[in-house]
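Labels below follow one simple rule: chain letters A, B, ... track the order of the sequence lines, proteins then strands, and each chain is numbered from 1.
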Number of protein chains: 2
Amino acid sequence: MSAKHSQLAGTLTDEILSGRYQAGDRLPSERELAVRFNVNRGAVREAMSRLSQLGVADVQPGGARVAPINEASLDIIGHMLASTQVPDAQLLGQIFQVVERLLSMAAEALVERGRATDIEAVRARVLQLLDSRLDSEAHAAARIEMMRTIMITSGNLVCQLIAHGLFKQFAPTLEAVKPYVQLDVEQFNRLARRLDGALATRDRRTVREVFDDFSELHNRTLTPAIEAAVRQSVRPSESITRQNPGPSSRRSPGANVDPSDNLAPRSRDTEVAAS
Amino acid sequence: MSAKHSQLAGTLTDEILSGRYQAGDRLPSERELAVRFNVNRGAVREAMSRLSQLGVADVQPGGARVAPINEASLDIIGHMLASTQVPDAQLLGQIFQVVERLLSMAAEALVERGRATDIEAVRARVLQLLDSRLDSEAHAAARIEMMRTIMITSGNLVCQLIAHGLFKQFAPTLEAVKPYVQLDVEQFNRLARRLDGALATRDRRTVREVFDDFSELHNRTLTPAIEAAVRQSVRPSESITRQNPGPSSRRSPGANVDPSDNLAPRSRDTEVAAS
DNA sequence: AGGACCATTTTGGTCCTACCAAATTGGTCG
DNA sequence: CGACCAATTTGGTAGGACCAAAATGGTCCT
């Protein structure tokens, strides 16, 4: 579905991220890639441009070389999460950890220097999260909305950008794991109440403590959820909901490369054989 | 010096970030931009691609629209810092705050789950920072090296990517402000000693306290430095060190647009008149 | 031999032209 | 007034030609 250059960029990014190339290695030339993937060189160039801006390759006249991973852009996280069938628990945990820290920072800034109206706005989100009788879906959405509100009202642009960028990237993964999460609502609500009180009294120390506890709770929630997802070991995105096979004229699932055009290197055996 | 598309992307990014366009506004068409800036449409396309990947514009068939700022990539920070002559103190403060939080997180993870050898490596950096008799330049470099070591040994990739990305962007600004910073070395060393002790005993609570204090110290250091820079109100990058005028055949300073080609919109008066 | 130097080849960078598909636009008809 | 449809605008793709910088491999001097 997506354009050629986009697919190519994805393929190359995955190959680099998977460690097929060592940092410093020369990438095949644009012209060679063009013939190998049977696309126009322009498409290759756009893909290389993406790699360059992603920070996974350093492309210069004379040749392109792969860059060390830790110098890449934050946007590679999405690729890393998507490359493995079951999300990497460790990476996901790191993301959560960072988000929660930034969230804590934003909330602390809010209670220290924020306007009263902003604090009230956040409190409204927190209480709304508490009072209503929500199903887990709505509860999750409300949680996210609360986080968003905290980020925005904090006024810290850097914080917002990072959080938004991270969220955008792990949202699909989260969606895939969601069926397996079982949040301890009781404890969560206890924390939410504490947060509300801390916000009302502008008690920074307690705010921080609450977010530390949030982090711990999330970790305890996430780990078994991922384990459950691993046990099932199903393809996250579509294969869960797909129940009606549809007409026989259908092409391949779409998440993978269309077999009609050979954007993948020639005759690379599919690693996950149909069983 | 830089390529046309790069200049164009910078110009457009700055115009969008400066609020000249509202979020949701339509950007001029590629063909129109091509004639306005007297460049090939291909160059315009590359610039638009950059804007798109930067998250400041949403470009689709039918037209490109500017995106809300808070949905942009983290990489716009560099533009925002560079667009104003004197760095924005508030934004710089936010960056520092975030970095210090992430640093604290990394250090805490290190003392909680890190290997002994890694902790020793960080301690070495801290002590090296303490013992030697360094000038402020070397001291700053050693501080950065310490932070880098903490980030790397922590093993949190997300943390590393954010920190590296932020640092890469505010490094030039930091360089510009550096002449004006006067670090309270005595207090800093006191904190460093505390950090060393906390690392040795794997005392997570103290580690966090130390980084909170670091944050506070940096804030107290940064604010007057920026104020001093504002007072001087000099162009950060080159004009400070340039003392020998060079041959008369020289072109314009290079940071600005070459007068021979009109990449800037026609006859736009320079906003900062020479005084 | 070993190292410095230089011409050739390779490689990415730019430009141009033409054409395609999707979105927008503006008119037209019910 | 609203739904629908065609013409236009807009971004997307393709292919080719050429340029400049880097890498390469040979040559010459020491």
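Between A:R45 and C:dG13, a side-chain N or O to OP1/OP2 separation shorter than 4.0 Å is present. OP1 or OP2 of D:dG15 lies within a sub-4.0 Å distance of a side-chain N or O belonging to A:N40. Distances shown here put a side-chain N or O of B:K4 below 4.0 Å from the OP1 or OP2 atom of C:dC15.
One atom, CZ of A:F37, and another, C1' of D:dA14, lie 19 Å apart when rounded to the nearest Å. In this entry the distance linking CG of A:D58 with P of C:dG12 reads 12 Å, nearest Å. Note: CD (A:E32) to C1' (C:dT9) measures 15 Å, nearest angstrom. For the pair A:L51 CG and C:dG12 P, the computed distance is 12 Å after rounding to whole Å. Nucleotide D:dA22 holds its C1' atom 14 Å from the CD atom of A:E30, rounded to whole Å. Here C:dG12 presents its P atom at 9 Å from CG of A:L27, a figure rounded to the nearest Å. For A:R31 and C:dT9, the CZ to P distance is 15 Å, given to the nearest whole Å. Regarding A:M48, its CE atom lies at a distance of 14 Å from the P atom of C:dT14, rounded to whole Å.
Toward the 5′ end of DNA chain D lies the nearest nucleotide of B:G62, the other residue of the pair B:G62 and A:E46 mapping further downstream. Each of A:A43 and A:Q60 was assigned the nucleotide of DNA chain D with the nearest heavy atom; the assignment lying further toward the 5' end belongs to A:A43.
Searching all strands for a Watson-Crick or G-U wobble partner of D:dT30 with both distances below 3.5 Å returns C:dA1.
Nucleic acid contact class of A:R26 (heavy atoms, under 4.0 Å, all strands): sugar-phosphate only. Across all strands, A:G42 comes closer than 4.0 Å to no nucleic acid atom at all (heavy-atom distances).
Checked against B:R143 for a side chain to side chain contact (heavy atoms under 4.5 Å, CB included), the options B:M146, B:E145, B:H139 give a single hit: B:H139.
The OG1 atom of B:T173 lies 10.5 Å from the CD1 atom of B:I77; values are rounded to the nearest 0.5 Å. Note that CE of B:M151 is 11.5 Å distant from CG of B:L157, once rounded to the nearest 0.5 Å.
No side-chain heavy atom of B:L33 sits less than 4.5 Å from a side-chain heavy atom of B:V39.
One cannot find a donor-acceptor pair under 3.5 Å joining the base of D:dG16 and the side-chain atoms of A:R41.
Atom CG of A:L91 sits in a crowded spot, with more than 12 heavy atoms from other residues, nucleotides or ligands closer than 6.0 Å.
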